[in-house]
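Here you go, one structure.
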Amino acid sequence: MTEADVQSIALFFYFAFLDDQKAVEAATQALALGRARKQKNPQLKSSVAIVSATKMTWDKYKTRVSRGRPNTSVESGWLIPEGFDLGPWRDFQKSASEDELLTVIWSKILKMEDDDISEGLGITQGTIRYRLGRALRKLGSMTQNVGKLKHGATGK
């Protein structure tokens with residue numbers, strides 16, 4: 001797997017968990033799973049292997065993480081741009097279904113194709129599109145509420 005694949009796996013778990021330590025721990029396991037899948041089947045697209053490996057690892061870790069309660073630190077090495085507000089994402093992470101959360105991460109953050117996500121999960125592309133549409137509507141309403149609160153507070 002390439003450096004970009006490693007970065008994708010790390011980003012997946014950072015946004016899924018918002019917990020530095022668990023993200024690193026889970027990413028290490030998912031990377032090993034992804035590499036093993038690629039070794040067994042060299043023709044397998046990396047993105048399909050990543051989806052499959054991150055989902056399997058997510059299933060192991062999801063009960064150990066409090067969604068919506070970030071556990072991050074500046075010292076951990078995760079660089080979030082200054083002024084970037086994780087508030088709407090934190091709210092989305094807490095309220096979204098597991099399927100919605102993971103689909104948004106794969107599709108919009110990691111920029112994976114619907115067919116690769118569906119192949120990695122063993123479900124239809126239509127199901128992926130449905131989950132993504134539902135999730136984006138939910139996330140969109142959360143970001144609109146943040147904008148209304150900011151503008152409402154300043155009187156603009």
Side-chain angles (χ1 to χ4, degrees), residues 1-2 4-35 37 44-74 76-81 83-150:
M1 300 196 104
T2 68
D5 296 337
V6 172
Q7 185 178 24
S8 290
I9 292 170
L11 282 173
F12 174 88
F13 287 109
Y14 181 79
F15 282 101
F17 294 152
L18 290 179
D19 184 309
D20 300 341
Q21 286 185 305
K22 287 185 179 74
V24 170
E25 195 178 312
T28 302
Q29 287 187 22
L31 181 59
L33 278 172
R35 284 182 172 150
R37 289 193 150 221
L44 185 66
K45 288 176 73 174
S46 289
S47 54
V48 173
I50 289 170
V51 169
S52 178
T54 53
K55 176 64 167 118
M56 288 174 63
T57 306
W58 161 266
D59 287 341
K60 284 187 203 174
Y61 277 81
K62 67 184 174 186
T63 59
R64 298 186 232 168
V65 176
S66 298
R67 284 175 48 187
R69 293 200 172 119
N71 185 17
T72 60
S73 66
V74 176
S76 68
W78 298 98
L79 299 176
I80 302 296
F84 186 81
D85 182 11
L86 275 176
W89 181 259
R90 195 173 38 249
D91 293 342
F92 175 71
Q93 184 213 35
K94 185 173 22 177
S95 66
S97 72
E98 175 183 322
D99 294 334
E100 292 168 341
L101 174 68
L102 302 183
T103 302
V104 167
I105 295 171
W106 287 314
S107 180
K108 298 302 175 188
I109 295 175
L110 302 182
K111 308 274 190 235
M112 294 187 173
E113 299 292 327
D114 291 350
D115 59 332
D116 293 344
I117 299 168
S118 69
E119 186 179 338
L121 298 176
I123 59 177
T124 67
Q125 286 185 37
T127 300
I128 297 300
R129 289 186 190 112
Y130 174 77
R131 290 175 181 176
L132 184 59
R134 201 175 61 208
L136 291 177
R137 282 190 297 279
K138 191 177 284 186
L139 187 55
S141 70
M142 290 176 179
T143 57
Q144 283 177 341
N145 291 338
V146 168
K148 286 178 187 173
L149 291 174
K150 283 183 181 177

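Remember, predicted model here, so these are calculated numbers, not experimental data. Residues take their numbers from the sequence shown, with the count starting at 1.
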W106 side chain to T54 side chain, donor-acceptor N/O pair below 3.5 angstrom: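 T54 and W106 do have a side-chain donor-acceptor pair below 3.5 Å.
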
Go through the steps to decide whether T124 and S118 satisfy the test side-chain contact (heavy atoms from CB on, under 4.5 Å), and finish with yes or no. CA-CA 6 Å; T124 67; S118 69; 5.9 Å; no

Applying side-chain contact (heavy atoms from CB on, under 4.5 Å), run through F92 and K138 and close with a yes or a no. CA-CA 7 Å; F92 175 71; K138 191 177 284 186; 4.3 Å; yes

Test item: I128 and I123 side chains (from C-beta on) under 4.5 Å apart, heavy atoms: yes

Do M56 and R37 pass the side-chain contact (heavy atoms from CB on, under 4.5 Å) test, and can you show the C-alpha distance, the side-chain angles, and the key distance before you say yes or no? CA-CA 12 Å; M56 288 174 63; R37 289 193 150 221; 4.1 Å; yes

Side chain proximity check, D20 to Y14, heavy atoms < 4.5 angstrom: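 A side-chain contact under 4.5 Å exists here.
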
Please step through side-chain contact (heavy atoms from CB on, under 4.5 Å) for the pair F12 and L102, ending with a clear verdict. CA-CA 8 Å; F12 174 88; L102 302 183; 3.5 Å; yes

Close side-chain approach of E98 to K55, heavy-atom, < 4.5 Å: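 Yes, at least one pair of side-chain atoms sits under 4.5 Å.
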
L121 side chain near S52 side chain, heavy-atom distance below 4.5 Å: no

Taking the side chain as every heavy atom from C-beta outward, state whether I109 and W89 have any pair of such atoms under 4.5 Å apart.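 Yes, their side chains come closer than 4.5 Å.
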
Side chain proximity check, V48 to V51, heavy atoms < 4.5 angstrom: no

Decide ring pair (Phe, Tyr, Trp, His ring centres under 6.0 Å) for W58 and F17; before the verdict, give the C-alpha distance in whole Å, the side-chain angles of both, and the deciding distance to 0.1 Å. CA-CA 9 Å; W58 161 266; F17 294 152; 5.5 Å; yes

Do Q7 and L11 have side chains that get closer than 4.5 Å, going by heavy atoms? yes

Would you say the side chain of E25 lies within less than 4.5 Å of the side chain of Y61, judging by non-hydrogen atoms?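 A side-chain contact exists here, since the closest heavy-atom pair is under 4.5 Å.
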
Any residue meeting side chain to side chain donor-acceptor pair (under 3.5 Å) with E113, in chain and number order, not counting sequence neighbours: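 Counting only residues at least two positions away or on another chain, E113 forms no side chain to side chain donor-acceptor pair (under 3.5 Å).
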
Has the side chain of S107 got a donor or acceptor atom that lies under 3.5 Å from a matching backbone atom of T103?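 No: the side chain of S107 does not pair with the backbone of T103.
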
Identify whether the distance between the nearest side-chain nitrogen and carboxylate oxygen of E100 and R134 falls below 4.0 Å. yes

